Amino acid sequence: MIILHNYFHTFPEFPPECEFKYAPENVSRFTEAMLSGNLRIIILSLFSFLGHYGVSIFVFVSGYGLSKRYDHSGESKWYIILRRAIQLWKWLVPMALLLILDRYSGHTHFTYAYLGNNKIWTDMLFMLTFTANGLADRFIIAGPWWYFGMAFQLYVIYALFLRKSSDKVLWGIIAGVWTLLIVLSSLGLDNWVFAFRYNSIGWLPVFCVGILLSRHPVHISWRWISLGVVLFVLSLFNRYLWVVSPILALFPVAAVLPLARKEPLQNVLLFMGKLSAALFVTHAFVRQQVLAHDQALPPEISGLLYLLLCIVVAWVYRLCSTYFYKKIQKQLRYGLFVEWNPVCVNVLRRTIRLYGEYPDSKKCNTLLV
């Protein structure tokens, strides 16, 4: 959903999203598209305007998964933060190396058009240190990878503050962030709303809901699901309801969830789920090339070509990265990595010893892989 959204919202004929702030002009264009009677315009506009709500699903699942895994575990908070950072670096570092190689290749940039900017080194540093989201006044090279900085902020907040927090604290955070965003929006301070939604603060409510539901599973009746879907639709056209739309977006997902449990759709979704991280980090490169060479094709055809290429590239990237990290795992398991690069491993182990218990080879392997 996010992959197609990031493609179709680049076309001027489809309405852009209201992801970081409520934009009445985008809502008007979306309304016109829905009332156009043109099935092609309607379907592609839905991807363009609504596809960003995939981020809400990711954030909810992150909160749910972190709570399930770490709420009652013995790992230290610093171990959790370090492990989450390494998991993100595992995807980001190869992309950063490719971007740098492309930047100085002397040819037309095949990865990302932004590479013409002379601030690539500082921007790359901001991206790899997860601080790029602090520059909300401009989209730096992070581009679609802004999510990694926001996600890391959430990991840190969870490990330091939310892991042992009570339900009352979580509900208080939800209410507090909603109140803050509604007040800012009502005052017309959209730049502040943008800044908070470009960082973790704006996503804390749906993240906290994920934690709450992991602690207290609930069964929601179809009556409440239907009401939630209606409220979600209304939130697309109201500045104040839009603030809670990331949580309301969970209801349409819950409505179609029974279909996802049936084959063959279940198998397709499981396959795409395994590719999700690789898709997220590589699709911008594919989009760059398709947009540069698809002028003769209708958007719906070029979009299908783009989706197919994204899947192929992500599959190859995941295959290569999995092979590479398995080789590291093998060397760690047999101690050869220590012989090859003892300084690297010793620094890593001392870092973990500083913030948690000293890891054996299995834990060191888990951290890296």
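Sequential numbering from 1 along the given sequence is applied to the chain's residues. The structure displayed is predicted, hence computed values, not measured ones. Basis for what follows: all heavy atoms, side chains included, without hydrogens, waters or symmetry-related copies.
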- Message: Looking at Ile80, is its backbone amide N or carbonyl O close enough to the side chain of Glu75 to form a donor-acceptor pair, meaning the two atoms are under 3.5 Å apart?
- Response: no

- Could you tell me how the ring of Phe11 sits relative to the ring of Phe8: parallel (under 30°), tilted (30 to 60°) or perpendicular (over 60°)? tilted

- Query: In terms of ring plane angle, is the pair Tyr7 and Tyr306 parallel, tilted or perpendicular, where the classes change at 30° and 60°?
  - Reply: parallel

- Item | Hydrophobic cluster membership, Val218 vs Phe207, 4.5 Å side-chain cutoff | yes

- Message: Hydrophobic clusters here meaning ILVMFWY residues chained together by side-chain heavy-atom distances under 4.5 Å, can you tell me if Phe232 and Met1 are in one?
- Response: no

- For Ser235 and Ser245, run side-chain hydrogen bond (donor to acceptor under 3.5 Å, both in side chains): C-alpha distance rounded to whole Å, both residues' side-chain angles, the deciding distance at 0.1 Å, then the answer. CA-CA 6 Å; Ser235 72; Ser245 64; 4.6 Å; no

- Query: Hey, what do you get for CD1 (Ile157) to OG (Ser200), rounding to the nearest 0.5 Å?
  - Reply: 3.5 Å

- May I ask you to check whether Trp89 and Phe130 place their ring centers less than 6.0 Å from one another? yes

- Which value, rounded to the nearest 0.5 Å, describes the distance between Leu154 atom CG and Leu204 atom CG? 6.0 Å

- Ile57: what forms a side-chain contact (heavy atoms from CB on, under 4.5 Å) with it, not counting sequence neighbours? Val61, Leu250, Val253

- Examine Arg197 relative to Trp242 and say whether NZ or CZ is less than 6.0 Å from the centre of the six-membered ring and inside a 45° cone about the ring axis. yes

- Message: Main chain of Ala249, side chain of Ser56: is a donor-acceptor contact present, judged purely on distance under 3.5 Å?
- Response: no

- Task: In plain terms, say whether Asp190 and Arg239 are close enough for a salt bridge, that is, a side-chain N and a carboxylate O under 4.0 Å apart.
- Result: yes

- Message: Would Arg163 and Tyr158 count as a cation-pi pair here, with the cationic atom under 6.0 angstrom from the ring centre and within 45° of the axis?
- Response: no

- Query: Sequence neighbours excluded, which residues qualify as side-chain contact (heavy atoms from CB on, under 4.5 Å) partners of Phe271?
  - Reply: Leu275, Ile311, Trp315

- Stepwise ring-ring contact (aromatic ring centres under 6.0 Å, His included) check, Phe280 with Tyr147: CA-CA 9 Å; Phe280 199 80; Tyr147 176 84; 5.6 Å; yes

- Are Phe148 and Leu125 co-members of a hydrophobic cluster defined by side-chain heavy atoms under 4.5 Å apart? no

- Check whether Ile247 and Phe237 end up in the same hydrophobic cluster, where Ile, Leu, Val, Met, Phe, Trp and Tyr are linked by side-chain heavy atoms less than 4.5 Å apart. yes

- Does one side chain, of Asn26 or Glu17, offer a donor that lies under 3.5 Å from an acceptor on the other? no

- Query: From Asn6 CG over to Cys310 SG, what is the distance, rounded to the nearest 0.5 angstrom?
  - Reply: 9.5 Å

- Query: Tell me, do Val27 and Leu236 make a side-chain contact under 4.5 Å, heavy atoms counted?
  - Reply: no

- Taking atom types as modelled and ignoring hydrogens, do the side chains of His216 and Asp167 form a donor-acceptor contact shorter than 3.5 angstrom? yes

- Query: Within a strict 4.5 Å, meaning less than it, do heavy atoms of the Arg83 and Tyr70 side chains meet?
  - Reply: yes

- Query: In chain order, what residues pass the salt bridge (Lys or Arg N to Asp or Glu O under 4.0 Å) check against Glu32, with sequence neighbours excluded?
  - Reply: none

- Residues, nucleotides or ligands: over 12 heavy atoms within 6.0 Å of Lys168 NZ: no

- Relative to each other, are the rings of Tyr155 and Phe152 parallel, tilted or perpendicular (30° and 60° limits)? perpendicular

- Message: Grouping I, L, V, M, F, W and Y whenever their side-chain heavy atoms are under 4.5 Å apart, do Leu269 and Ile2 come out in a common cluster?
- Response: no

- Query: Using the ring of each side chain (for Trp, its six-membered ring), is Phe194 parallel, tilted or perpendicular to Phe20, with breaks at 30° and 60°?
  - Reply: tilted

- Message: Quick check against the 3.5 Å criterion: does Asn133 have a side-chain atom that pairs as donor or acceptor with the backbone of Trp146?
- Response: yes

- Message: With a 6.0 Å cut-off (strictly less than), is the heavy-atom count around CZ of Phe47, excluding the residue itself, greater than 12?
- Response: no

- Any Lys/Arg nitrogen of Arg40 or Glu300 sitting under 4.0 Å from an Asp/Glu carboxylate oxygen of the other? yes

